[in-house]
**Student:** 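Attaching a single structure in structure tokens format; questions to follow.
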Amino acid sequence: MIEINTDYKFISPYPVMIILSLTVGIIVMYILNRKDQIQKNVSGYLCMLAPMMSLFFGLLLTYITSGGQYFGLSSLGGLAGMYLACLIMALINPQKDTVRIMMKNCTLVLPLIYSISKIGCLLGGCCRGTAYHGPFCIHYAGSKTDSAVVFPVQPAETLVFLIIFILGIFLQKKHQHTVWMVFIFSALAKFLLDFLRESHTNQIISFTQILCLLLLLTGFLILYLNHQKLKKQA
Amino acid sequence: MLIYYYMIPDCSYLKDQNYILAPEGTAEGLLQQYDFQQNENGFWYKIPNHQEYEIIMKGWPNYDIIFSFDHKPVYKPNSEQPVIFHDSASKSESIFHEHPEFQEKPEIQGTSTGNVLCIIALLLLCLSFLSFIVSQNDEFILPGIGAILLSCILTIIVRLRYPENLFGKILFGIHVLIFILLILAMIEVILECVQCLNSC
């Protein structure tokens, strides 16, 4: 059993991990963009725009889904913000292949950002798993969270998405459909792991899972269209 | 049309692909220094940035263009007889010095457009600050942040499309300052929350 007391003496690790996840993700995305010959100033401006848009849309989605009741950070909103930032930068600087390259690198980096941010959720006590007393269960205690023994869904998400990121980075040059596979597997992993969350209790399917299904369908459709296009060219 | 791309003279320009094509025989080290890439056929090419593209289009197709670090790009009518040089590195500089009538300062097009975009960006910034002040129950927080984002996007457009625009440079500096202040404000809020909890 892992014991986590959420009464932190100094700084809550949640915002620290969110900032760290965005910082690491943006740096990796900058390196990938520069390696793919995206200009230095364009890559730099994207580093400034992407975290702001990610945070804004993360807040916006939670605000909308809560009916204007509270603010929170939604990972799917953050994903939308990152993609929109890449799209906007590619539209401002319409050089050949910029859109494809920026979106590709954003897709590769998103699992890493999500993986690190889940460590913040683990330590902060949010997005936790269903009641569970088996191996590797987590016991939360502290004045900010109810005492509970739950499934370690956040470490599971961290591990799964880190593996997806590492595989994506190593396989992207060898297989032409790697980026779309990263997109599909990320959506699938989030869909499946959502069943193990406390927030999913008494629900057949959550709003997050519906969005993940839409992303899955989009990923499969584009993969199929790409495959057909390559078959015609061959 | 020929392009004298800094220390690489006699480059040609392929309009359909938007490539500056280096002549055969140019030293690879020099080409790599200027971010040229080699394609599968062995040709070295570079995609011009937005500013370079605008300069090239201004001279297309009747002028050769000389890019230099020391002066603004020079436009030379390409009906002129070519001058023979022994040292290719000094070719572009020699053309500049021997033909002072070609020292045309190209207009930086779109200056007024850049200024208009900057004014809109500045108005959006002011609107966002107003929304933060007026907001009593956080109802204008998201629109305020959205306005800052839009302002930032417009400023980036100006910095990329009109990099010489001074208004854009100043506005970009203001945005970087806001970005840093936002991060400091976030840290301040976190620390205050911790102090409140500790004092309870």
Side-chain angles (χ1 to χ4, degrees), chain A residues 6-16 18-19 22-23 34 36-64 68-71 77 81 84-85 87-98 101 124 142-144, chain B residues 14 16-19 35-38 45-53 117 128 137-139 141-163 168 172 175-176 178-180 182-195 197-198 200:
Chain A
T6 54
D7 290 334
Y8 293 100
K9 229 178 176 180
F10 298 107
I11 298 175
S12 167
Y14 179 75
V16 173
I18 295 294
I19 293 171
L22 281 172
T23 307
R34 288 294 294 139
D36 287 330
Q37 312 292 328
I38 301 292
Q39 291 157 26
K40 204 192 272 189
N41 57 351
V42 173
S43 305
Y45 293 140
L46 180 61
C47 286
M48 193 173 147
L49 190 63
M52 292 205 290
M53 290 205 60
S54 185
L55 283 169
F56 174 72
F57 281 92
L59 287 170
L60 181 67
L61 187 62
T62 318
Y63 189 73
I64 292 170
Q69 297 298 311
Y70 58 83
F71 290 105
L84 271 170
L87 202 61
I88 287 168
M89 286 307 303
L91 289 172
I92 293 171
N93 193 54
Q95 287 199 341
K96 195 179 169 187
D97 261 2
T98 307
I101 291 169
S143 54
K144 283 194 241 111
Chain B
L14 303 179
D16 291 338
Q17 291 97 327
N18 190 28
Y19 284 170
D35 293 333
F36 276 73
Q37 304 165 62
Q38 194 173 24
Y45 71 95
K46 179 189 164 78
I47 300 170
N49 64 31
H50 193 84
Q51 190 186 13
E52 288 167 348
Y53 177 76
L117 289 175
S128 69
N137 295 319
D138 300 340
E139 66 272 25
I141 295 290
L142 276 179
I145 299 173
I148 293 179
L149 264 179
L150 275 173
S151 172
C152 187
I153 289 167
L154 286 175
T155 310
I156 289 173
I157 291 173
V158 173
R159 290 295 298 133
L160 282 174
R161 295 272 168 101
Y162 316 107
F172 184 71
H175 278 93
V176 169
I178 290 171
F179 190 63
I180 294 168
L182 272 173
I183 292 172
L184 289 173
M186 261 170 59
I187 294 170
E188 175 75 29
V189 165
I190 293 164
L191 285 173
E192 276 185 10
C193 288
V194 166
Q195 279 169 7
L197 282 168
N198 285 341
C200 285

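All chains are named by letter (A, B, ...) in the order of the sequence lines, taking the proteins before the strands, and each is independently numbered beginning at 1. These numbers come from a predicted model, not from an experiment.
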**Student:** Got a second to check how far A:Ile88's CD1 is from B:Ile153's CD1, nearest 0.5 Å?
**Tutor:** 3.5 Å
**Student:** Under the side chain to side chain donor-acceptor pair (under 3.5 Å) rule, collect the residues that match up with B:Ser151, sequence neighbours excluded.
**Tutor:** B:His175
**Student:** So which residue, A:Asn41, A:Leu49, A:Val42, ends up with the most heavy-atom pairs under 4.5 Å with chain B?
**Tutor:**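 Of A:Asn41, A:Leu49, A:Val42, A:Leu49 has the most heavy-atom pairs under 4.5 Å with chain B.
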**Student:** Measure the spacing between OG1 of B:Thr155 and CE of A:Met48 and express it to the nearest 0.5 Å.
**Tutor:** 7.5 Å
**Student:** Holding to salt bridge (charged side-chain N to carboxylate O under 4.0 Å, His left out), I want the full list of residues that pass it with B:Asp35, two or more places apart in sequence or in another chain.
**Tutor:** none
**Student:** Given a strict heavy-atom distance threshold of 4.5 Å, which part of A:Leu60 is in contact with chain B: side chain, backbone, both, or neither?
**Tutor:** both
**Student:** I need the A:Phe57 CZ to B:Leu149 CG distance, nearest 0.5 Å.
**Tutor:** 7.5 Å
**Student:** Taking all non-hydrogen atoms of both residues, which atom of A:Phe56 and which atom of B:Gly146 are closest, and how far apart?
**Tutor:** CE1-N, 3.5 Å
